[in-house]
Visitor: 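For reference, the structure I am asking about is given below.
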2 protein chains.
Amino acid sequence: MSDVARRAGVSATTASYILNGRSAQMRIAPATQDRVLKAAADLRYRPNPSARSLRTSTTRTVGVISDLVAGGSFASQMLTGASAAARMLAHLIVIGESQGDPQLEALLVEEMLDRHVDGIIYATLATSEVSVPRPLRQQRVVLLNCVDRATQLPAVLPDEYEGGRTAVAELLAGEVPGEIHVVGEMSSEGGSLAGPLRLDGIRDALREAGRDLAGVLSCPWDVAPAFDVVDGFLRDGGRAAGLVCLNDRVALGTFQALAEHGLVVPDDVSVVSFDGSELAGWLRPRLTSVAIPYADLGARAVEMLLDTKEQGPSVVRVPMPVARGTSVLRAR
Amino acid sequence: MSDVARRAGVSATTASYILNGRSAQMRIAPATQDRVLKAAADLRYRPNPSARSLRTSTTRTVGVISDLVAGGSFASQMLTGASAAARMLAHLIVIGESQGDPQLEALLVEEMLDRHVDGIIYATLATSEVSVPRPLRQQRVVLLNCVDRATQLPAVLPDEYEGGRTAVAELLAGEVPGEIHVVGEMSSEGGSLAGPLRLDGIRDALREAGRDLAGVLSCPWDVAPAFDVVDGFLRDGGRAAGLVCLNDRVALGTFQALAEHGLVVPDDVSVVSFDGSELAGWLRPRLTSVAIPYADLGARAVEMLLDTKEQGPSVVRVPMPVARGTSVLRAR
DNA sequence: CTGTTAGCGCCTTCAT
DNA sequence: ATGAAGGCGCTAACAG
């Protein structure tokens, strides 16, 4: 910077002010300003972030700490959103994966704190209730896809309840004359908060439409269990016109079971689901799925974290958009 | 640090040496060393990375720049591996997604270079030939999943050729009496390098077993095109005992087409595939797939990048392990 | 074997 | 409206 200052014939101070866009409040002569800017451009001046950090103890960096992230588009999309938002705010993202190991997690937190990240996003794969590591509690932090009831930290999550309502709306926009069942279990075992909220939304929306939820085919949220429970249901003579699967893997298992029984989607059974994963687009017919807005979550989290207007603890619910396929029988 | 030094009754220099594990080569009195270490512990001393960086222009940070990463477990797994390897070497990962936009990419490169990352991993989703941004060429960089023929930069990629051989081995370990076809196109259009290499491996392994590749059902590597080409093949009276799908999405399309024609996997047709994605485990029957070792790739890339033994440009091929399902008919 | 000294590049109070 | 001076925390010659 001193080179720039010298070349412009001013002191480093003046150069600093100008280069940091504070020429206005410092009321620096426009001519001086131009000279400095020109000199900086000529010299291809680039500020040194380390020096700046040393002085300001700010790093224009945000840390993302997540549990297991492997294999799933969760991380990718979430980081895509976070990374884009960070760019807008001239920050960079540093990542740390705890692999679900609390000790590793603690190390990562320390590491990031040592490095003076400007804030930390604490993210979990599954929407869940967590206990945030002690040292994080005093920091600038926002929870992503999870909440910590004890500490009232700001958090951003999908709007699961509205998502439930959306799923029903998709179904009812079609021709679904018979019973509607949910596939997937509600138990908040494992700590997932999504199930109960989605179910509430589903129930309420159904009720408001003058219909009722016929039942819940309870199973863990995965392909094989879903296959089994739907297969069993059909084998026992069960019948449904509409199925709300609690995620796309459950929907795949459901598709497999329906096929096994010669039932055609959507002619015999309409199916909607949650997640909006790639899988939904690969199925035949393509699955209508209420998407988890991972990228948005990531972006919102970064924005909240970096928002200087310290608006106190708050929980933001991000809308879940529909990825519409053809798994719902169209109204004639 | 000066607090530590004072408390231990030594100068900052001595403290620095000791705290950086250089007491041996400096031949510092063990007693002094203990005092300093103790003082540091008492004071919960943590070095300030910004200051260190300012002085050493090293940041213990590696940048990962990738094109499109969204929606796919590519990024997650690759970053998992990279992040774990980085931890071992006391580094942190900062990420940047170019979204395939060369201008954004250039910005990210500049940003990271400004921040003095210790090296950059340039990664692409699809195995491909790339042209590395100019400013990167003089830097410490390793390519991940791609090569730049012009610059001979070090790179790490899956061992596609051996992968092809592996796929055939899986098939031939089973009972596959009839013809074997490949599904997916080879054209290195789009720049993917994987297809031709896999096909070479497949051909060679088949030949060595005294068999021949019956043909290639050429289609883009995705669900719908694969469905169409296999469906067409069968409709025309085509028949195969073994199918090698060039990725898991192609395999899904193939499964769908086979089902449409009442063919059962693996009883009527054995199928193997490439990718080892989650999808492979979700299908019924579970798909045997030659996996892309994303995590390993990420880890190796970091290690190469940070390996000080400057071993010149080199291309590393990482083995592709098998994710074994039940999509190959067992030999009786 | 340990201390003195200087400086990495930047920001900011205080003068002028 | 601009400049002089000091210091953020750490490392590395260079003495001794």
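The basis for the numbers below is simple: all heavy atoms, side chains too, and nothing from hydrogens, waters or symmetry mates. Chain A is the first sequence line, chain B the second, and so forth, proteins listed ahead of strands; every chain is numbered from 1.
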Visitor: Going by heavy atoms in the side chains, are A/L89 and A/V62 under 4.5 Å from each other?
Guide: no

Visitor: Starting at the 5' end of DNA chain C, which residue's closest nucleotide do you reach first, B/I18 or A/P49?
Guide: B/I18

Visitor: Side chains of B/Y122 and B/E105: donor-acceptor distance under 3.5 Å anywhere?
Guide: yes

Visitor: Which nucleotide, D/dC10, C/dC10, D/dA12, lies nearest any side-chain atom of A/R52?
Guide: C/dC10

Visitor: For A/R35 and D/dA1, give me the distance from atom CZ to atom C1', rounded to whole Å.
Guide: 12 Å

Visitor: Could you work out which one of D/dC10, C/dG9, C/dG3 sits closest to the side chain of A/R55?
Guide: C/dG9

Visitor: Do B/R60 and A/R115 come within less than 4.5 Å of each other through their side chains, counting heavy atoms only?
Guide: yes

Visitor: Specify the separation, in whole Å, of atom CZ of A/R115 and atom P of D/dC10.
Guide: 15 Å

Visitor: Take atom OH of B/Y17 and atom C1' of D/dG9, then tell me their distance rounded to the nearest Å.
Guide: 16 Å

Visitor: Compare the minimum distances between each of D/dT11, D/dT2, C/dT12 and the side chain of A/T13, then state the nucleotide with the smallest one.
Guide: C/dT12

Visitor: For A/R60 and C/dG9, what is the distance between atoms CZ and C1' respectively, to the nearest whole Å?
Guide: 17 Å

Visitor: Could you tell me how far apart B/H116 (NE2) and C/dG9 (P) are, to the nearest whole angstrom?
Guide: 9 Å

Visitor: Could you state the CG-C1' distance from B/L19 to C/dT2, rounded to the nearest angstrom?
Guide: 15 Å

Visitor: With respect to the side chain of B/M1, which nucleotide from C/dT12, D/dC10, C/dT4 is positioned closest?
Guide: D/dC10

Visitor: Using heavy-atom distances to pick each residue's nearest nucleotide on DNA chain C, tell me which of B/A12 and B/L54 is more 5'.
Guide: B/A12

Visitor: From the set D/dA12, C/dG9, C/dC11, return the single nucleotide nearest to any side-chain atom of A/N20.
Guide: C/dC11

Visitor: Is the closest side-chain heavy-atom distance between A/S66 and A/L125 below 4.5 Å?
Guide: no

Visitor: Name the closest nucleotide to the A/Y45 side chain, picking from D/dC10, C/dC10, D/dT11.
Guide: C/dC10

Visitor: Between A/R6 (CZ) and D/dT2 (P), how many Å, whole number?
Guide: 19 Å

Visitor: Contact class for B/T32 (heavy atom, under 4.0 Å): base, sugar-phosphate, or nothing?
Guide: sugar-phosphate

Visitor: Under 4.0 Å: is that the gap between some side-chain N or O of A/S16 and OP1 or OP2 of C/dC11?
Guide: yes

Visitor: Does a nitrogen or oxygen in the side chain of A/S11 sit under 4.0 Å from OP1 or OP2 of D/dG3?
Guide: yes

Visitor: Does the side chain of B/I120 come within less than 4.5 Å of B/Q139's, by heavy atoms?
Guide: no

